[in-house]
Structure formats: structure tokens, C-alpha cells
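This report concerns only the one structure given below.
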Protein chains: 2
Amino acid sequence: MAQTEDPYRELARQLGSVGAVRRELARSFPHDCQPATAIVLMLLGRRGEMRMSELADLMGVDMSVASRHVTHTVDRGWVDRRPDPLDGRARLMRLTESGERLLAETHERVAQTLARRLDDWPLEDVARLADLLARLRVDLGECERHLDPRHLRSTTPL
Amino acid sequence: MAQTEDPYRELARQLGSVGAVRRELARSFPHDCQPATAIVLMLLGRRGEMRMSELADLMGVDMSVASRHVTHTVDRGWVDRRPDPLDGRARLMRLTESGERLLAETHERVAQTLARRLDDWPLEDVARLADLLARLRVDLGECERHLDPRHLRSTTPL
DNA sequence: TATTGTTATACTCTATAACTATA
DNA sequence: TATAGTTATAGAGTATAACAATA
């Protein structure tokens, strides 16, 4: 455990360098499946069909950004986008069978990479890090106003 | 603590969304001091004078990227860049007095933001998160060059 | 020949604003 | 009028490759 008189400063420093970790993980992604695309697939796979605004909230980005990433996945046949029968303004996204397969493949590669690189980590630490990051995102993220407070409690709703 | 059968999957998902946290923190940064600039100042403030290659390594980016960010800080008088007397190819960077002041101001803003938003976090959790992120970066970053060939052999059909 | 650093180029990701369509 | 979504544009951040200077 790092010993520092200012844990906030240390946290800020580590957050600044976490981008290198994301890029390293993305190296093993399938072609045309960038990190943002993988996030779309992962969220649709875990939470099921949802609207654009909900997806943008979960991604922590503006809806215009989520829209672009979804179009990318729709163009490649990984996501199906249909009008919401209950609201003519909204659209509903869900994974296609092709998208399910790509998600499974991507998940397998990431899990293998993490399992190999973090082979000396106790599984408890892996889960603890994921949990702390989830809480950090909720407590610091802009989207907390729109998110269901229950997301604070459970990070694995499905 | 999140309970999940696959903590690696959960960690991958949280890493994908950590960008929103970084952007939220950056909102309170001084003008012309983007996250990458703040990282340069923080590293030079913590580790003192260093060469470009060392800074790039600590930032987890290519040296060409570090070079651009340093030029940005030099142009604004926050960093002094001089030839290395021991190696004509290298250059040494260190904070100027102006850079020290900007670093102190940025650090103060980040610490205030974190302290305010994470006021219900035990300090132990803040330090633990920073520590886990540091270990993640070490164990995941730059490791491909040091891979044991036997790992590749085991996953490659003969 | 190898290493250190810079610059040119292209790509990913993002937010803002303007726009369409519907509630 | 307000909301859901799309598109155009601009900006930050990054890697690769080509380059110059030095070891």
C-alpha cells in the first residue's frame, strides 16, 4: 500500500495515467472494435435493450457521442436500432446475434489478457478495484443526476 | 463490495468508463492546463528534473507525445528545457517558478474537488484505489516486450 | 549503427451547437 | 415549449513514421 500524506494527490496522479492501461487492453480487441465500440457492446449485453439517452448516461458521454458509436456498430451489423413503439422520438438498441458473438470474443480476449497479466493478484483485489472505480464514477460523474441511485448499490444488476 | 462471477469483466467495464471521471476532474483545471499538461507538471514536481524518455515512460505514452506536451508547457513558461550536459542528444526538463505556482494551484483545485465529492469515502479507500491503479499500470503497461515466449507457445497450435 | 528527441500525419474520442422530429 | 436523437465542427490526445543530431 502506497504511503502518502495526501491520498487525493496520489489518486489524481494515478487517474492521469490510467489511459495507458486502457490503450494496452485495446490492443487485443478485434478489428473495427475500438474501446468505445466495446463499451457499447458490453453495456447492451449486460443491460439489454435500451434507449440512446440511457446508453449515453451509462457511458458517461454526451448523447451525440453515443449516437456516433452506435451508428458504427449498426453499420457493421452488431446492433439493431429500431423506433421505440412507446415514444416516436426515441429509438431502442439491442445486440444482434453477430454482436453477441463479437462481444463474447472481445470479452474472452480481455479476460485472458487480464488473467495473464494479473495472475499474481488475488481475485479479491480485482473485484475491489472494479468496485472502487464504480463508486468513483458515481460520486464524481456528471451523470449521477440521471442515474438510478440503485446503481450505487449493485454493480452487477444483471 | 461487488459480487460477480467474473471480476475481470467487471474491471474491464469500469476501466472503459473511467474517462468520464478524468474529464470531470479536468473541468476545474486552470486555463491552458489540460489533463496531459497537468500530468507533466505533476511528474516534474514530484520527481524533479528528468529527460524526455523518462517523462514519456512515467506518462505511459510515446516520446513524441510527451515532447508535444512539454513544448506546450515550455511555450507558457512553466517548464525549463535545457541540453543534458552529459549527453548531447538528450534534454533535461524541470519546473520554473511559474510552473511551481501553477502546479500548486492545480493540485489545490483537484484536491478540493476530490475532498468535496468523496467526502464520505474513508481516506483508506482513496489510498487503496490509488495503490491498486498504480499496480494495474505496472502489471499491464509495457509488458508485451517482456513476455515469456512460453506463453505464446502455449496458445499457439504447433 | 544505435539512441534521443522533434515534427508531420492520421486516427480516436469528445463536447458544443444547429437541426429534425415528436411529445 | 420541451425532449430524443442526429450531424457538423472543432479540439484534445495518441501512435507511427520520417527525420536530424549525437553517442
Side-chain angles (χ1 to χ4, degrees), chain A residues 15-27 29-40 49-75 79 81-93 141-143 145-146, chain B residues 15-27 29-40 50-57 59-76 79 81-93 141-142 144-145:
Chain A
L15 285 173
S17 295
V18 80
V21 171
R22 296 184 61 191
R23 290 191 298 278
E24 183 65 22
L25 280 180
R27 286 179 185 274
F29 281 8
H31 182 253
D32 260 3
C33 186
Q34 274 76 31
T37 300
I39 296 291
V40 170
E49 197 172 51
M50 69 179 72
R51 290 159 48 139
M52 196 64 68
S53 53
E54 185 180 359
L55 180 63
D57 268 341
L58 291 171
M59 293 181 73
V61 299
D62 189 84
M63 191 159 49
S64 65
V65 177
S67 178
R68 270 187 77 248
H69 293 309
V70 166
T71 298
H72 180 88
T73 62
V74 170
D75 289 346
V79 167
R81 185 168 49 182
R82 64 184 179 101
D84 185 340
L86 302 179
D87 186 337
R89 301 168 301 179
R91 305 174 83 173
L92 295 173
M93 277 79 60
E142 211 180 14
C143 31
R145 308 156 200 161
H146 313 297
Chain B
L15 286 173
S17 295
V18 80
V21 171
R22 297 185 60 190
R23 291 192 297 278
E24 183 66 21
L25 279 181
R27 287 179 183 275
F29 281 8
H31 181 254
D32 259 1
C33 185
Q34 275 76 31
T37 300
I39 296 290
V40 169
M50 68 179 71
R51 292 160 42 142
M52 195 64 68
S53 53
E54 185 180 357
L55 179 63
D57 186 58
M59 293 180 73
V61 299
D62 189 84
M63 192 158 46
S64 65
V65 177
S67 179
R68 274 186 74 247
H69 293 310
V70 166
T71 298
H72 179 89
T73 64
V74 170
D75 289 346
R76 282 151 187 81
V79 166
R81 182 170 49 182
R82 66 184 177 99
D84 185 339
L86 302 179
D87 187 336
R89 300 169 300 178
R91 304 174 83 173
L92 295 172
M93 277 79 61
E142 305 284 345
E144 68 276 7
R145 298 163 198 170

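Side-chain contact between A:H69 and A:V61 is absent, with no heavy atoms from C-beta onward closer than 4.5 Å. Between A:M50 and A:L58, some side-chain heavy-atom pair lies under the 4.5 Å cut-off. Put simply, the side chain of A:R81 reaches to within 4.5 Å of the side chain of A:T71, judged on heavy atoms. With a 4.5 Å cut-off on side-chain heavy atoms, B:R91 and B:M52 do not count as touching. The shortest distance between side-chain heavy atoms of A:R51 and A:D87 falls below 4.5 Å.
Atom C1' of nucleotide D:dT6 and atom CG of A:D84 are separated by 17 Å, given to the nearest angstrom. Taking atom CG of residue B:L86 and atom P of nucleotide D:dT22, one finds them 16 Å apart after rounding to whole Å. Rounded to an integer number of Å, the gap from CE of B:M52 to C1' of C:dT3 is 15 Å. Here C:dT14 presents its C1' atom at 13 Å from CZ of B:R22, a figure rounded to the nearest Å. Rounded to whole angstrom, the span from the NE2 atom of A:H72 across to the P atom of D:dT7 amounts to 15 Å. Between B:L55 atom CG and D:dT14 atom C1' the separation is 15 Å, expressed in whole Å. Rounded to whole angstrom, the span from the CE atom of B:M63 across to the C1' atom of D:dT14 amounts to 15 Å. Counting to the nearest Å, the C1' atom of C:dT12 and the CD1 atom of A:I39 are 14 Å from each other.
Between C:dT4, D:dT7, D:dT16, one nucleotide has an atom nearer to the side chain of B:A90 than all others, and that is C:dT4. When distances run from any side-chain atom of B:Q34 to the nucleotides D:dA12, D:dT14, C:dT4, the shortest one goes to D:dA12. The side chain of A:P35 approaches C:dC13 more closely than any other nucleotide in the set C:dG5, D:dT14, C:dC13. The side chain of A:T71 has D:dT7 as its nearest neighbour among D:dG13, D:dG5, D:dT7.
For the OP1/OP2 pair of D:dT6 and a distance below 4.0 Å, the side-chain nitrogens and oxygens of A:R91 include at least one atom meeting the criterion. At least one side-chain nitrogen or oxygen of B:R51 sits closer than 4.0 Å to the OP1 or OP2 atom of C:dT4. OP1 or OP2 of D:dT14 lies within a sub-4.0 Å distance of a side-chain N or O belonging to B:H69.
Base engagement by A:V65 is indicated by at least one non-hydrogen atom pair under 4.0 Å involving a base atom. Using a 4.0 Å heavy-atom cutoff across all strands shown, B:R81 reaches sugar-phosphate atoms only and no base atom. At a threshold of 4.0 angstrom between heavy atoms, the contacts of B:D87 are confined to the sugar-phosphate backbone, with no base atom among them.
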task = Using the side-chain contact (heavy atoms from CB on, under 4.5 Å) rule, take A:M93 and A:V40 through it: C-alpha gap first, then chi angles, then the decisive distance, then the call.
result = CA-CA 10 Å; A:M93 277 79 60; A:V40 170; over 6 Å; no
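Along DNA chain D, the nucleotide nearest to A:R23 and the one nearest to A:L92 differ in position, and the one closer to the 5' end is contacted by A:L92.
Counting atom types as modelled, B:S64 pairs a side-chain N or O with a base atom of D:dT16 as donor and acceptor under 3.5 Å. Side chain B:S67 to base C:dT7: no donor-acceptor pair is found below 3.5 Å.
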